[in-house]
Every structure is written in C-alpha cells, then in structure tokens.
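Before any comments, here is the structure.
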2 protein chains.
Amino acid sequence: MARPADPHARISLVTAARAAFVSHGVSGARIEDITAACKLSKGAFYLHFKSKEQLFGELVAELRAGMDALLEHRKATMTGFFGEHGPLTARDVHQRTSRYEQLLALEVALDREVLGLLWRYRDVFGVLVSGSQGTEYSGVVWEMAHREVQRVQDDFEAVKAYGACRTDVPSELFGSMVVGTWLLVAQQMSKLTEPPDLDQWVRALHRLIREGSAPPKPKHGKRTVRRRLAARLNTRSTQSRSRSRRGTAR
Amino acid sequence: MARPADPHARISLVTAARAAFVSHGVSGARIEDITAACKLSKGAFYLHFKSKEQLFGELVAELRAGMDALLEHRKATMTGFFGEHGPLTARDVHQRTSRYEQLLALEVALDREVLGLLWRYRDVFGVLVSGSQGTEYSGVVWEMAHREVQRVQDDFEAVKAYGACRTDVPSELFGSMVVGTWLLVAQQMSKLTEPPDLDQWVRALHRLIREGSAPPKPKHGKRTVRRRLAARLNTRSTQSRSRSRRGTAR
DNA sequence: CGCGTTTCTAACCCGTGGGTCAGAAATTGC
DNA sequence: GCAATTTCTGACCCACGGGTTAGAAACGCG
C-alpha cells in the first residue's frame, strides 16, 4: 500500500554517524557526510532522526542504560553474596579466607563486565570524553566518573572502618586513582580495533590497586636479586626512548 | 609618534579566550564574545592574533614547554642523584635505606612540580582533553599521556629487572594506572578555583601506587579490629549515597 | 594645531552546514 | 495500468560566525 523504507537505512545511518562522531566530534560531523556514506541524500537523515544531537543522544542513552544495568547487577550480586556468606571481617581479609577470595573473584567478574561494556561502546565513550562539547551531553562522562569516584570512595571508607585497608590515604584520591585508571584504559581502547585480553587486564589492575607496585617481601632477605641497577641501565639503550633511569616510576 | 596600543589588550584577550575555550571549546568559542568581554570589537582580535587557533596554539605551546622543561629537570636531577649516590640495589628497596628514602622524596618533589604546572594550566589542559576537536591540537593530550605511559612503563621494566617491584603485572597497565590517575586528578582540578593541597595529594598518590590499598600487616594477627562489616554498614545510611556495601572497591 | 602613524571600530563579505520542502521515485493494493 | 501512499532526492533557505577592510579615533611630535 506504500513504498517500504529501506530496512538497512536506519542502522547504517547510525553506524556511519558513530564513525563520523569519532573522527570529527558531534558538532564537527557533517550530516551530508553521514548520509553520503550510506548512499542516501541529506533529506533522508531527517526521516529517521530529528537531529544529529538526538541520534547521539540515543547512543548515549544506550551506554547509560548499560551502565545502570551493571550497577543494579552489582548491587544484587553483592547483597546476594553477603546474604549467603554473612558479612566479612578483618580476619577474612588478612588471612585471605576462601570467602574473601570468592568476593574478590566476584568483583573481578563484575568489573570485567563493565570493561566489556566500555569496549562495545568505546567509540561513544571516546566521543563523550573529547567530542561532545556544545551538546547537552558534554558533562555526561564526568558525571559518570564522579559518580563512580563517589561509589569507590564510599566503599573504601566502609572497608577502612573494619581495618581491611590502609587508612593513611584520603578515600577521594583512592577513588580518583581507580576511576582514572579505568578512564585512561577505556580511552586507549577507543583506538584499538581488536579486542584486547580484558580478563587479564582486569585481574592485573585489581592486583595493582589492591597490592600496589611493591614486590612481594623477599623470602628471608638472603639471596635476593642483587644485580646492580647500573648494569641493567647500561644495556638498555637499544630498546626504546633513551631517557628514564631510576627507581620506582612516578 | 603614533597611537599606542592598549597595553592590557593582548593579555585580557588571552584571558577572555581561555575562559571562552573552557566553556565552549576552541571551535565553539566565538571571537565576538571574546572581544566583547574585553570591550573591544571583533576586528581588534586580528591585530593581536592570526586566528583563534593560533592563540590556542600559543597556550598549548606554553604548557608543552613547561612539561618539557620539567622532564629535562627530572632527567638532570636523577642523573645527579645517581652520580652522587651510585646505583640502587634491591637491598635499598627492601630495607628502605636512607638513600632509597631520599630517592622517593626526590620523586615526590618532581611529581609535585608536574602537578603544579597542571594546576596553572588546568584550563588549557581541560580544553585539550575535551574541547580541542577539529583543531590540530586534538591529539596532543593523548600523545602526552602516551609518552608518559611509555616512560613510566620503561622505568617499571627497569625496576622489575632488579627485583624492586612486582613482576606479575604488565608494565603497560602500570603505566596506564599512574597516568590515568594523574589525568583524572588534573581534570578534576579544572573545576576548582581554590588550589587544593597538592603536596598532600602527591604524597598520598605515591603511597597508593607503591603500596596499594592493602592495610599494613597486623602486628601479630592478635587484637586486630574485629568490628563486623554489618555494624558499620547499618549506621552509614545518613552520610551519602545509600548504595555501596561490600569489600574492597573496584 | 595639524600631520603622520598606528589602533580600533563596525559594517560587510562569504563559506559552511543545519534544516526544509516540493516533487520524483518506488511500491502496494486494486 | 492506476491510484494511493510513503520514501527519498536535491535544490533551496538562512543563520551563524570567521575573516576583511574602509574609515574613524587616538596619540605623539614638531
């Protein structure tokens, strides 16, 4: 009874728009470029979307919905865990009981899911960070980041209280460290095309954050690696940038 | 012999431009707004700058120069230190000799300088992160970040080699953690008007990165804080967002 | 004061790109 | 084949803002 719309039109427009947003930002992307990439005319764009911003808004909403869902999931999982195993004590932490190990595994899994979402929306995420100025979404990432900093911070405070983490560091900075790490990693993902080994990343980051960069204490102080720094430093010149020479990194 | 230019014109233009860039990004800032803020006409802008981008470029160049200078300073300081004290050994690290403590103090001081620079250029930095798309400077922050990740990573590798830091974590991720933290902190600074206690921040971040969030091991396992998590959790509802309940943060 | 010189103004030009709309094209049901 | 109807096209409109320029204003100097 009428001409049917090209079924691919809408999705291919969205795909083309995502790519255009990545390379030019939301305001920099030209609608004619987007439609041209789909072999459509400019007018066709407005059959599917009210405006460029509205299209971007849909993408942002998807990302947000994903994040919110994961947050819900996290909450449910955690109350489930504590319902089953009862609350943790400082002992659990210091002795690394299996209950504690389970909790850690759970958190790794949850964070892995977040990273997976960030991977799938890495383009939108990148645009939110550095290509959304002038739109109503320009503050969204920083709101998200701030919310996460708050959450991590609150958790840290709670854990401080029962002695399972250090108390000589402001919780806010701890939050910034965790979220900042995640943020840069997400940003780095936005330049990749092949998915990295996210499982490994999450586990490694967890270890780092929990235990820092310090080495495990030497077995008995005897027979530790004694090679001198100088030896190492003098044979390093070939590999990469020729500066950098000293103890722990900053 | 001629009409002298208003001596404040140029600086006040730069100041107004910085503010405009912050709130609308480089391409979003309107030259007429900038000049109006200085009670000048649009044409006056072009007496002082070739274009908007060129003005922004000057600011970026200043920031870059500052960073480069600090990097030079870091290199010089470090070679000086090792020249005087000789190379470090794993023993220094494990036993925290005064020589090692001195090195740490040096690094804290150097990082403090970086943070100070970031504070002074926090507006430019913020614009580089999220308001420079479409300009030739859109990649600058990520280049800077990547360079720093490389540096930290190289250092970490070097330190791994003589056993003074853990070896079970990819150096690249360590670099991302350090730089990501710095990045988010810088971003957060861009919203502040009063300078925070940068010394404290740097010290705390150093501790966190080196030692992680784990608590110092309990004196002898006896008499550790035994209050249960549940107690804590149930009296926390007043203070802030009412979710969050469990072990170490993510 | 008037001349030369540089600063500064404000009207102007114009490319760009978002958004619109009349009409062509395609498709379905009859 | 023929309406009826919806999709799609592409020329058009127009606001916006970067950049220009003619000329007015300000100043130093003789």
Side-chain angles (χ1 to χ4, degrees), chain A residues 1-60 127 130-138, chain B residues 1-60 127 130-138:
Chain A
M1 200 205 187
R3 174 181 180 179
D6 177 359
H8 304 321
R10 192 188 162 95
I11 2 176
S12 73
L13 279 173
V14 172
T15 311
R18 280 171 88 137
F21 291 157
V22 167
S23 34
H24 304 108
V26 176
S27 61
R30 280 166 300 185
I31 290 183
E32 289 200 84
D33 286 356
I34 296 171
T35 52
C38 309
K39 301 202 198 315
L40 290 172
S41 67
K42 184 159 68 162
F45 184 89
Y46 292 94
L47 295 173
H48 299 278
F49 310 99
K50 218 177 102 297
S51 70
K52 235 182 357 177
E53 273 73 19
Q54 184 245 316
L55 196 174
F56 184 61
E58 281 183 23
L59 293 172
V60 174
V127 174
S130 53
S132 64
Q133 217 167 28
T135 74
E136 60 178 310
Y137 308 102
S138 58
Chain B
M1 203 211 189
R3 175 180 179 176
D6 176 358
H8 304 318
R10 192 188 161 94
I11 2 177
S12 71
L13 279 174
V14 172
T15 312
R18 281 171 86 137
F21 291 158
V22 167
S23 33
H24 304 108
V26 176
S27 61
R30 279 165 301 186
I31 290 183
E32 289 200 84
D33 287 356
I34 296 171
T35 52
C38 308
K39 299 199 198 316
L40 290 172
S41 67
K42 183 159 69 163
F45 183 90
Y46 292 94
L47 295 172
H48 299 278
F49 310 98
K50 216 177 104 296
S51 70
K52 232 180 2 174
E53 272 72 19
Q54 184 246 315
L55 195 173
F56 184 61
E58 281 184 23
L59 294 171
V60 174
V127 174
S130 53
S132 63
Q133 216 167 28
T135 73
E136 61 177 307
Y137 308 100
S138 57

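Computation of the quantities below employed the complete heavy-atom set of this structure, encompassing side-chain atoms and omitting hydrogens, waters and symmetry-equivalent molecules. Since the model is a prediction, treat every value here as computed from it, not as a measurement. Lettering follows sequence order; numbering is per chain, from 1.
- Partners of A:Asp6 according to the salt bridge (Lys or Arg N to Asp or Glu O under 4.0 Å) rule, which considers only residues two or more places apart in sequence or in another chain, do not exist here.
- The list of salt bridge (Lys or Arg N to Asp or Glu O under 4.0 Å) pairs with a residue in residues 45-60 of chain B, not counting sequence neighbours, reads B:Arg10-B:Glu58.
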Got a list of protein N/O to nucleotides 22-25 of chain D N/O distances below 3.5 Å?
unit_1	atom_1	unit_2	atom_2	d
D:dA25	N3	B:Arg3	NH1	3.3

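- Among pairs with a residue in residues 39-48 of chain A, none fulfils side chain to side chain donor-acceptor pair (under 3.5 Å), at least two apart in sequence or across chains.
- Summarising the geometry of B:Gly134 relative to B:Ser138, their closest heavy-atom pair is N-CB, 4.4 Å, with the distance given to 0.1 Å.
- Listed by residue number, A:Lys42, A:Tyr46, A:Ser51, A:Lys52 are the residues of residues 40-58 of chain A with a heavy-atom contact under 4.0 Å to DNA chain C.
- Here side chain to side chain donor-acceptor pair (under 3.5 Å) pairs that include residues 22-32 of chain B, with residues two or more places apart or in two chains, are B:Arg30-B:Asp33.
- Applying the salt bridge (Lys or Arg N to Asp or Glu O under 4.0 Å) test to residues at least two apart or on different chains, the pairs with a partner in residues 11-26 of chain B are B:Arg18-B:Asp123.
- The ring pair (Phe, Tyr, Trp, His ring centres under 6.0 Å) check on B:Phe21 picks up B:Phe56, with sequence neighbours excluded.
- When the P atom of D:dT6 is taken as reference, atom CG of A:Asp6 falls 18 Å away, rounded to whole Å.
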Requested in this report: Verify side-chain contact (heavy atoms from CB on, under 4.5 Å) between B:Val26 and B:Tyr137, making sure each step is shown before the conclusion.
Outcome: CA-CA 10 Å; B:Val26 176; B:Tyr137 308 100; over 6 Å; no
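- Interface residues of residues 23-32 of chain B facing DNA chain D, ordered by number: B:Ala29, B:Arg30, B:Ile31; criterion, heavy-atom separation under 4.0 Å.
- If you take CD1 of A:Ile34 and C1' of C:dG17, they are 12 Å apart, rounded to a whole angstrom.
- Rounding to the nearest 0.5 Å gives a distance of 13.0 Å between CG of B:Leu40 and CD1 of B:Ile31.
- Residues B:Val127 and B:Val60 are not in side-chain contact: their nearest non-hydrogen atoms beyond the backbone lie 4.5 Å or more apart.
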